[in-house]
Amino acid sequence: MVVTRIAPSPTGDPHVGTAYQALFNYIFARQQGGKFIVRIEDTDRTRYNPDSERRILEMLEWLGLSPDESPTKGGPNGPYVQSQRLPIYQAHAQRLLDSGAAYRAFETPAELEAARKEAEKAGASYRGYNRRYRDYPSAESEARAAAGEPFVIRLKAPLEGSVVVQDLLRGPVEFDHSQLDDKVILKADGYPTYHLAAMVDDHLMGVTHVIRAEEWLTSTPFHILILRAFGWDEPVWCHTPLLRNPDRSKLSKRKMDTSVDSYRAQGILPEALLNYLGTMGWSMPDEREIFSLQDMLEHFDLSRISLGGPVFGLDKLRWMNGKYIREVLSLDDLAERIKPFVEKAGYAYPSETYLKQVIEALRARFETLQEFVEKSVYFFREDYPTSEKALAKLKEGAVFLPELRGLLSSLPDFLPETTEAALKQFVEAKGVKAGAVMQPLRAAITGSLETPGMFDLLMLLGKERVLERLERAQSQVAP
RNA sequence: GGCCCCAUCGACUAGCGGUCAGGUCACCGCUCUUUCACAGCGGCGGCAGGGGUUCGAGUCCCCUUGGGGUCACCA
């Protein structure tokens with residue numbers, strides 16, 4: 001059975017890169033009738049952020065990428081948090097120590113740092129560990145360890161020959177052993193490094209396909225060495241392209257908003273984010289741009305991933321979100337999603353129907369849920385702002401305002417047919433262009449020049465509010 | 001710097017030896033129109049360069065160039 005996993009480390013905001021990896025791993029596992037596991041890699045206690053784990057797990061639920069096994073879901077391979085598996089790693093590290101595949105090293109971090117600087121200063125192209133303790137007599141090693149001296153455990157990498165990574169997307173990738181150094185697999189604090197922990201867990205959890213970001217490709221030889229030291233089989237390796245900043249460097253929070261929570265707060269829909277990520281490095285066989293998780297499930301093909309690192313750009317994401325807002329979601333669904341945003345803004349509305357009508361009227365005009373809130377103020381409050389341009393229009397058409405108010409107040413109702421007929425007639429009688437009347441009116445009752453059609457506007461706002469606003473506008477532009 | 005990966009419009013991509021190199025976003029027009037949008041139509045714009053292989057290269061190979069990643073007791 002196919003088993004995939006993502007192994008996020010809880011160090012901060014849920015990252016779009018994590019969502020991206022989760023998408024591919026989830027889809028592939030589901031499609032193959034396999035399992036998708038989430039394992040938390042919290043072996044770096046200095047960077048650990050307790051809130052992060054919960055938010056990452058929540059993000060996956062929000063996106064609809066539910067794992068089969070995870071810290072919250074549990075499963076037969078638990079625990080799914082590495083800090084709870086310490087004895088496992090320690091036992092495995094000991095195994096390698098016993099077999100001679102690994103050894104203790106006693107340098108302090110400061111010493112290593114100094115050696116690195118030295119090497120760099122000397123202009124050495126090779127910058128790995130200098131293997132000082134590789135052939136240290138084991139009796140002395142034992143003695144120092146027994147005396148309580150701190151140490152790390154390093155894997156003994158072969159000095160000659162090479163290792164070939166069979167990458168699903170790139171084919172064979174060869175690395176010279178001379179390029180490898182003896183990496184730390186167990187830190188002085190007793191925690192494993194990623195290399196050990198991930199390989200041990202992947203093996204124990206039955207992971208068959210390691211689908212991860214390209215940044216891991218160059219450490220794969222090392223992972224293979226660990227696997228071999230234990231006598232375990234390799235999984236299928238599949239290194240996917242890295243999401244990029246607009247300047248093409250690896251996507252980072254310094255240069256881009258990488259927080260899924262942030263996009264969520266802005267009113268990006270999970271479907272749209274997923275859809276967008278699905279177009280990063282991958283495309284539907286028929287090239288359609290808008291597709292669901294279900295569509296992906298039916299058509300996804302790992303080998304169809306292209307290798308150029310895609311720029312994670314907001315323009316298209318926003319366009320896509322707008323597309324979902326106006327074409328994919330039902331009005332009812334959309335309204336439900338907008339409600340929390342409207343509530344957060346403190347907008348009150350008289351009825352569900354009113355809210356939906358406003359949404360429908362504005363639907364083609366906002367691309368994120370938050371944008372709805374920003375563009376709909378005048379539908380919910382009387383203290384809506386008036387833009388400079390609107391104010392200018394208001395002044396231009398100030399002469400019409402008193403008459404307009406009279407006309408509108410005389411109407412029996414504010415149905416579109418009624419107001420349209422009346423206003424058309426008014427415009428005709430004045431012998432001016434429609435805009436000369438409509439624009440000032442629009443400015444008066446919304447404070448904006450970018451609104452839904454006039455007759456929908458009038459109906460939604462209603463006679464009372466319109467007349468009040470007209471009166472206020474009049475006094476506002478009165479000399 | 002060593003090693004590794006990558007390379008089609010500004011961005012996301014289709015292409016898997018023979019296509020007028022197609023689509024989407026963005027941008028620019030036009031249509032619709034009381035505004036802004038949406039929508040529709042049209043336009044701008046690309047195979048990084050050089051060698052090969054081949055009757056024929058965006059497609060295969062090599063070199064150059066460019067971009068990226070990695071070289072932590074971080075993942």
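First the proteins, then the strands, lettered A, B, ... as listed; each starts at 1. Owing to the predicted nature of the structure, the values given are computational and were not obtained by experimental measurement.
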Ignoring backbone atoms, test whether A:Arg248 places a side-chain nitrogen or oxygen under 4.0 Å from the OP1 or OP2 oxygen of B:C12. yes
Could you check whether A:Thr11 gets within reach of a base, just the sugar-phosphate, or nothing at all, counting any heavy atom under 4.0 Å? nothing
Angle between ring planes, A:His223 versus A:Trp216, binned at 30° and 60°: parallel, tilted or perpendicular? tilted
Pairwise distance CG(A:Leu307) to OG1(A:Thr240) - rounded to 0.5 angstrom: 9.5 Å
Proximal nucleotide (of B:C6, B:C38, B:U70) relative to the A:Lys250 side chain: B:U70
Please measure how far the P atom in B:U33 lies from the corresponding atom in B:G22, and state the result in whole Å. 33 Å
Of the options B:C6, B:C73, B:U35, whose atoms approach the side-chain atoms of A:Thr451 most closely? B:U35
Taking the side chain of A:Thr279 as heavy atoms from C-beta outward, which of B:C12, B:A75, B:C73 is closest to it? B:C12
Quick check on RNA chain B: between A:Glu174 and A:Arg304, whose nearest nucleotide comes earlier from the 5' end? A:Glu174
Parallel, tilted or perpendicular: which one describes the rings of A:Phe300 and A:Trp282, with boundaries at 30° and 60°? tilted
Across the strands shown, which category fits A:Pro192 at heavy-atom distances under 4.0 angstrom: base, sugar-phosphate, nothing? sugar-phosphate
A:Arg244 vs B:G69: side-chain N/O to OP1/OP2 distance below 4.0 Å: no
Just the atom pairs and distances: protein N or O near nucleotides 29-33 of chain B's N or O, under 3.5 Å.
none

Integer-rounded Å distance: B:C12 C1' and A:Asn321 CG: 17 Å
Protein within reach of the bases, or only the backbone? For nucleotides 61-66 of chain B, mark each nucleotide 5' to 3' as B, S or -, using heavy atoms under 4.0 Å. ------
Within the 4.0 Å heavy-atom criterion, would you say A:Pro452 contacts the bases, only the backbone, or no part of the nucleic acid? base
Report yes or no: is the cationic atom of A:Arg144 (NZ for Lys, CZ for Arg) closer than 6.0 Å to the six-membered ring centre of A:Phe106, at no more than 45° off its axis? yes
Check every strand shown and say whether A:Thr218 touches a base, only sugar-phosphate, or nothing at a heavy-atom separation below 4.0 Å. base
Between the base of B:C74 and the side chain of A:Arg47, is there a donor and acceptor pair under 3.5 angstrom? yes
By the 4.0 Å heavy-atom rule, please label A:Leu242 as base, sugar-phosphate, or nothing. sugar-phosphate
Basic-acidic side-chain contact under 4.0 Å: A:Arg318, A:Glu371: yes
Would you mind telling me which of B:C25, B:C73, B:U35 lies closest to the side-chain atoms of A:Trp319? B:C25
Looking only at the side chain of A:Ser249 (C-beta and beyond, no hydrogens), which of the listed nucleotides B:A75, B:G68, B:A39 gets closest? B:G68
Work out how far the C1' atom of B:G46 is from that of B:C9, and round it to whole angstrom. 4 Å
Between B:G68 atom C1' and A:Leu169 atom CG, what is the distance in whole Å? 16 Å
Does a nitrogen or oxygen in the side chain of A:Arg154 sit under 4.0 Å from OP1 or OP2 of B:C73? yes
Below 4.0 angstrom from OP1 or OP2 of B:A75, is there any side-chain N or O of A:Lys187? yes
I want to check something: taking the side chain as every heavy atom from C-beta on, are A:Leu277 and A:Phe312 in contact at a cut-off of under 4.5 Å? yes
Taking the P atom of each, how far is B:U24 from B:C41, in whole Å? 9 Å
Salt bridge present between A:Arg288 and A:Asp286 (N-O < 4.0 angstrom): yes
Mind checking if A:Arg116 touches a base, just sugar-phosphate, or nothing, with heavy atoms under 4.0 Å? sugar-phosphate
Expressed in whole Å, how much space separates the C1' atoms belonging to B:G18 and B:C25? 31 Å
NZ/NE/NH1/NH2 to OD/OE distance under 4.0 Å, A:Asp181 and A:Arg154: no
Does B:C73 have OP1 or OP2 under 4.0 Å away from a side-chain N or O of A:Thr108? no
Smallest heavy-atom separation, A:His299 atom then A:Pro285 atom, equals CB-CD, 3.9 Å
Rounded distance in Å between the P positions of B:A11 and B:C73: 37 Å
B:U59 and B:U13: how far apart are their C1' atoms, nearest whole angstrom? 16 Å
Under a 4.0 Å N-O cut-off, is there an ion pair linking A:Glu450 with A:Lys389? no
Assign A:Met280 to base, sugar-phosphate, or nothing according to its heavy-atom contacts below 4.0 angstrom with the strands shown. sugar-phosphate
For a quick check of understanding: with a heavy-atom distance under 4.0 Å over all strands, which category does A:Glu327 fall into, base, sugar-phosphate or nothing? sugar-phosphate
Would you call the rings of A:Tyr20 and A:Phe24 parallel, tilted or perpendicular if under 30° counts as parallel and over 60° as perpendicular? tilted
Going by the angle between their ring planes, with limits at 30° and 60°, are A:His195 and A:Phe222 parallel, tilted or perpendicular? perpendicular
In terms of side-chain heavy atoms of A:Arg365, which of B:C12, B:A37, B:G69 is nearest? B:A37
Side chain of A:Pro310 (C-beta onward), nearest among B:C73, B:G68, B:C12: B:C12
Testing B:A11, B:C74, B:G23 for proximity to the side chain of A:Val311, the answer is B:A11
Describe the nucleic acid contact of A:Leu112 in one word from base, sugar-phosphate, nothing, applying a heavy-atom distance below 4.0 Å. base
Give me the distance, rounded to whole Å, that separates B:G50 from B:A57 when you measure between the C1' atoms they each carry. 15 Å
At under 4.0 Å, does any side-chain N or O of A:Lys323 touch on OP1 or OP2 of B:C38? no
From C-beta outward on A:Gln179, which listed nucleotide comes closest to its side chain: B:C3, B:C38, B:C4? B:C3
So, do A:Ser259 and A:Lys253 sit near enough that their side-chain heavy atoms are less than 4.5 Å apart? no
Minimum heavy-atom distance between A:Met320 and A:Thr279, given as atom pair plus value: CE-CG2, 4.2 Å
Remember a base hit wins even if backbone is also touched, and classify A:Val152 as base, sugar-phosphate or nothing at under 4.0 Å, heavy atoms. base
If the C1' atom of B:C20 is compared with that of B:G58, how far apart are they to the nearest Å? 15 Å
Side chain of A:Asp315 only, heavy atoms from C-beta on: which candidate in B:C25, B:G69, B:A75 is closest? B:C25
A:Glu289 (side chain) and B:G23 (base): donor-acceptor pair under 3.5 Å: yes
Distance check needed: B:A75 P versus A:Asp13 CG, whole Å only. 19 Å
Atom pair distance, as rounded to whole Å: CZ in A:Arg288 and C1' in B:U24: 14 Å
Find the distance A:Leu314:CG to B:C12:P and express it as a whole number of Å. 14 Å
Considering every strand and a 4.0 Å limit on heavy-atom distances, what is the contact class for A:Ala434: base, sugar-phosphate, or nothing? sugar-phosphate
Within the structure, does a side-chain N or O atom of A:Ser283 lie under 4.0 Å from either OP1 or OP2 of B:A14? yes
Base, sugar-phosphate, or nothing: which does A:Glu214 touch, judged by heavy atoms less than 4.0 Å apart? base
